[in-house]
Engineer: 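Shown below is the structure under consideration.
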Amino acid sequence: MQEARFYQKAEDHVTKCLLCPWYCELKPGQTGICKVRENIDGLLVTHVYNQVAALGTDPIEKKPLYHFFPGKNILSIGEVGCNLYCSFCQNHKISQCFAKEFNDFHAVTSEQILKTAMKTKNNIGVAYTYNEPFTFYEFMVDTAKLVKEKNMKNVVVSNGYINPQPLKQILPLIDAFNIDLKAFDNDFYKTFTRGKLEPVLETLKIIAAHGNHLEITNLVIPGLNDNDKKFEEMIKWIAGELGPHIPLHLSRYFPQYKLVLPPTPVETLNHLFSVAKQYLYHVYLGNVNDEEHATTRCPNCHALLIERNHYQTKIVQNGFKGTCKTCGAQAHVITE
């Protein structure tokens, strides 16, 4: 156990967590919505520290990040717990599990994670992923500091459901984010995640304003968040509030956890891709076998820059370092 950050103490040993928009008020013995932070005798502690539920090396494209060191690997760690209740969660076996009930943790320190990252082939740093990383905020911060000191990269893959103050404090440590924007509809968030849309939008704006590398994933679920009008509103918001250069990943839904709808038709993804490309420079399709819709092209002259076949990545343009060699336009890709 480790004392948690961002909480207040109240009367009768009650604690109020300030990490995310739930603001859980916990009596001694109670655990927060995240399933990992518990009030023990008036002290808020986290049960996910110096241990992980998952650790492995992934292609950076798997996060997905297509514009951040393409072709490189990244050591990825995850815990248990999440502060949303998505009925379609792909990692529900760890995200919807209480830390005190999980029996498959692997003991590991921040220093050991750093050593593993440094000796891993073709590796750029550490990704905090698999479950919701902001629920293991304390361990993530302490690990990210060590990674940063060695000039390696920190990546966060998140639902974006965090309060502004803890987000702003961690921004200097994190090089890249992929934020899951599940829909542009608060009713969807309330019904299928039990959360709210506005805090996620605020997270996206804060990250973009700070200048961290940012990509967005939208899991397209047939009949739930694929409405043309709402989708176009979301794309316009991304382009207007964050910038048309922000890469967007439209991911195909498959039945998971409690949601048993049929998979997203590929035709739906192709249609939404066309809508998004009217406003955004870089749009990709995920969870489909489609090399063309995984390709990066220059937003100005459309020259081929990067080819992808699943997680096999090839930088096509000779000497490409983020700027198109054909026309000189910025392609919004970080390569070094």
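Predicted model only: the values in this text are computed from it and were never measured.
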Engineer: Quick one about Lys63 and Ser76 (side-chain donor to acceptor, distance below 3.5 Å, no hydrogens or angles considered), yes or no?
Structural biologist: yes
Engineer: Check the side chains of Asp58 and Tyr130 for a donor-acceptor pair under 3.5 angstrom, ignoring hydrogens and angles.
Structural biologist: yes
Engineer: Check whether the side chains of Glu307 and Thr313 place a donor and an acceptor atom closer than 3.5 Å, and report yes or no.
Structural biologist: no
Engineer: With a 3.5 Å distance limit and no angle check, can you tell me whether Tyr137 reaches the backbone of Pro166 through a side-chain donor-acceptor pair?
Structural biologist: yes
Engineer: Can you check whether Ile94's main-chain N or O pairs, donor with acceptor, with Asn91's side chain at less than 3.5 Å?
Structural biologist: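 Side chain of Asn91 to backbone of Ile94, a donor-acceptor pair under 3.5 Å: no, none is there.
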Engineer: Taking the six-membered ring for Trp, are Tyr189 and Phe192 ring centroids under 6.0 Å apart?
Structural biologist: no
Engineer: According to a 4.5 Å side-chain heavy-atom criterion applied to Ile, Leu, Val, Met, Phe, Trp and Tyr, with indirect links allowed, do Tyr279 and Val220 form part of one hydrophobic cluster?
Structural biologist: yes
Engineer: Tyr128 vs Phe136 aromatic rings, parallel, tilted or perpendicular, using cut-offs 30° and 60°?
Structural biologist: tilted
Engineer: Look at Glu61 together with Lys72 and state whether they make a salt bridge at an N to O cut-off of under 4.0 Å.
Structural biologist: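 No salt bridge links Glu61 with Lys72.
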Engineer: Looking only at the side chains, is there a donor atom on one of Glu132 and Asn159 sitting less than 3.5 Å from an acceptor on the other?
Structural biologist: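 Yes - a donor-acceptor pair under 3.5 Å links their side chains.
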Engineer: Salt-bridge test for Arg5 and Asp142: reply yes if a basic N is under 4.0 Å from a carboxylate O, no otherwise.
Structural biologist: yes
Engineer: If Ile, Leu, Val, Met, Phe, Trp and Tyr residues are connected whenever their side-chain heavy atoms lie under 4.5 Å apart, and connections chain through other members, are Leu75 and Met118 in the same group?
Structural biologist: yes
Engineer: Quick one: does Asn163's side chain have a donor or acceptor within less than 3.5 Å of a partner on Cys20's backbone?
Structural biologist: yes
Engineer: Do Glu241 and Lys236 meet the salt-bridge criterion of a basic N to acidic O distance under 4.0 Å?
Structural biologist: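 No, Lys236 and Glu241 are not salt-bridged.
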Engineer: If you measure only the distance, is there a donor-acceptor pair under 3.5 Å linking the side chains of Asp228 and His271?
Structural biologist: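 The criterion, which ignores hydrogens and geometry beyond distance, is satisfied for His271 and Asp228.
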Engineer: Just checking, any donor-acceptor pair under 3.5 angstrom between side chains of Glu215 and His213?
Structural biologist: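 Short answer, yes.
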Engineer: What's the shortest heavy-atom distance between Cys324 and Cys301, and which atoms?
Structural biologist: SG-SG, 3.7 Å
Engineer: Determine the sole option in Tyr284, Tyr281, Tyr66 for which the side-chain hydrogen bond (donor to acceptor under 3.5 Å, both in side chains) test with Thr296 is passed.
Structural biologist: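 Only match with Thr296 under side-chain hydrogen bond (donor to acceptor under 3.5 Å, both in side chains): Tyr284.
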Engineer: Side chain of Asn39, backbone of His13: donor and acceptor closer than 3.5 Å?
Structural biologist: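 Yes, because the side chain of Asn39 sits within donor-acceptor range (under 3.5 Å) of the backbone of His13.
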Engineer: Before you tell me yes or no, could you show the steps for Asp41 and Leu43 under side-chain contact (heavy atoms from CB on, under 4.5 Å), namely the whole-Å CA-CA distance, both residues' side-chain angles and the distance that decides it to 0.1 Å?
Structural biologist: CA-CA 6 Å; Asp41 298 326; Leu43 194 72; 5.9 Å; no
Engineer: Using atom types as modelled and distance alone, determine if a side-chain donor or acceptor of Asn131 lies under 3.5 Å from a backbone N or O of Lys93.
Structural biologist: no
Engineer: What is the ring orientation for Tyr257 with His92, classed by angle as parallel under 30°, tilted 30 to 60°, or perpendicular over 60°?
Structural biologist: parallel
Engineer: Compute whether any side-chain donor of one residue and acceptor of the other, for Thr15 and Arg37, lie under 3.5 angstrom apart.
Structural biologist: no
Engineer: Could Glu336 and Lys321 be called an ion pair, given the rule that one side-chain N must be under 4.0 Å from one carboxylate O?
Structural biologist: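 Result for this pair is yes, salt bridge flagged.
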Engineer: I need the minimum non-hydrogen distance between Tyr253 and Pro262, along with the two atoms involved.
Structural biologist: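 Looking at all heavy atoms of both residues, the shortest contact is CE2-O, 3.3 Å.
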Engineer: Would you say Asn289 and Asn309 are linked by a side-chain donor-acceptor pair, where the criterion is simply a distance under 3.5 Å?
Structural biologist: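 Distance-only check fails for Asn309 and Asn289.
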Engineer: Could you tell me whether a side-chain N or O of Lys148 sits under 3.5 Å from a main-chain N or O of Asn154, the two making a donor and an acceptor?
Structural biologist: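 No: the side chain of Lys148 does not pair with the backbone of Asn154.
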Engineer: Check whether any side-chain heavy atom of Glu111 lies under 4.5 Å from a side-chain heavy atom of Leu146, and answer yes or no.
Structural biologist: yes
Engineer: Between Glu38 and Leu44, does a side-chain contact (heavy atoms from CB on, under 4.5 Å) hold up when you go through it step by step?
Structural biologist: CA-CA 6 Å; Glu38 181 185 7; Leu44 189 64; 5.8 Å; no
Engineer: How about His282 and His245: are their ring centroids closer than 6.0 Å?
Structural biologist: no
Engineer: Test Ser251 against Asn287 for side chain to side chain donor-acceptor pair (under 3.5 Å), laying out the working first.
Structural biologist: CA-CA 6 Å; Ser251 190; Asn287 286 346; 3.1 Å; yes
